[in-house]
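Throughout, a chain's letter reflects where its sequence line sits, starting with A, and its residues are numbered from 1.
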Amino acid sequence: GENVEQHPSTLSVQEGDSAVIKCTYSDSASNYFPWYKQELGKGPQLIIDIRSNVGEKKDQRIAVTLNKTAKHFSLHITETQPEDSAVYFCAATASGYSTLTFGKGTMLLVSP
Amino acid sequence: DSGVTQTPKHLITATGQRVTLRCSPRSGDLSVYWYQQSLDQGLQFLIQYYNGEERAKGNILERFSAQQFPDLHSELNLSSLELGDSALYFCASSLGGSKNTEAFFGQGTRLTVV
């Protein structure tokens, strides 16, 4: 089955800095890679996703890149704000019939 | 609001008991996933249903079972509860099918076993 590794497990940045979270996956059949943000006491919220037919996708301060050859994808957050502080999870799946496999999460702390 | 509804939000029960967690997926979604999140742990996949049929099974204990009903809501049954079963249980739903679509999570049920 699919295995997703996520690094780092914790990340502390100053407000205004950029943050990068990296994930690798094992199943070459995986073609959909979502990112979720989980705030304390809440369910994970989808913030951006990318499919295997594109290499990069941006949404305001958030971007995701995908390297299918190397089987890794990354989340980039620019101009970080304290409200970006949360746990971020990457995930991968091969199809809508398949399991959505998650990384272990990255706790991002943005200090004012 | 993701559109996925989980009840109850909180549940406190004793060891050895049985509980049922309920999930109503977003309107139109056929696929339902159940995940367990323990303290300082990631999201552990338990089981997936698609249009009433079991599609995938993760590290789900034999004491746990689930089903998806004709109206597409799903229930996760946890029996012979142990202290270690205390966790957040999340349900997620997606359109499912051959094309990947976004999965949306409910707010979770926090289970405390005492």
- Message: Checking E53(B) against N51(B): is there a side-chain donor and acceptor pair closer than 3.5 Å?
- Response: no
- Message: Just by distance, no angles: are the side chains of T99(A) and E2(A) close enough, under 3.5 Å, to form a donor-acceptor pair?
- Response: no
- Note on the structure: Turns out that what part of Q6(B) lies under 4.5 Å from chain A's heavy atoms comes down to neither
For [X], is it the side chain, the backbone, both, or neither that has a heavy atom closer than 4.5 Å to a heavy atom of chain B?
| X | value |
| --- | --- |
| P34(A) | neither |
| Q38(A) | side chain |
| L100(A) | both |
| F89(A) | side chain |

- Message: Name the residue from L109(A), L11(A), V110(A) that meets the side-chain contact (heavy atoms from CB on, under 4.5 Å) definition with T80(A).
- Response: V110(A)
- Item | H72(A) backbone acceptor or donor facing T24(A) side chain under 3.5 Å | no
- Query: Any idea which heavy atoms bring R26(B) and S2(B) closest together, and the distance?
  - Reply: CD-O, 2.9 Å
- Query: Should we count CG of L40(A) as having more than 12 external heavy atoms under 6.0 Å?
  - Reply: no
- Item | Within 6.0 Å of CD in Q67(B), more than 12 heavy atoms from elsewhere | yes
- Residues of residues 102-114 of chain B near chain A, each having a heavy atom less than 4.5 Å away: E102(B), A103(B), F104(B), F105(B), G106(B), Q107(B)
- Task: Find the one option among G43(A), G41(A), S9(A), P44(A) whose heavy-atom pairs under 4.5 Å with chain B are most numerous.
- Result: P44(A)
- Is the shortest heavy-atom distance from the side chain of F64(B) to the side chain of W34(B) under 4.5 Å? no
- Given side chains that start at C-beta, do those of L95(B) and D29(B) come closer than 4.5 Å, heavy atoms only? yes
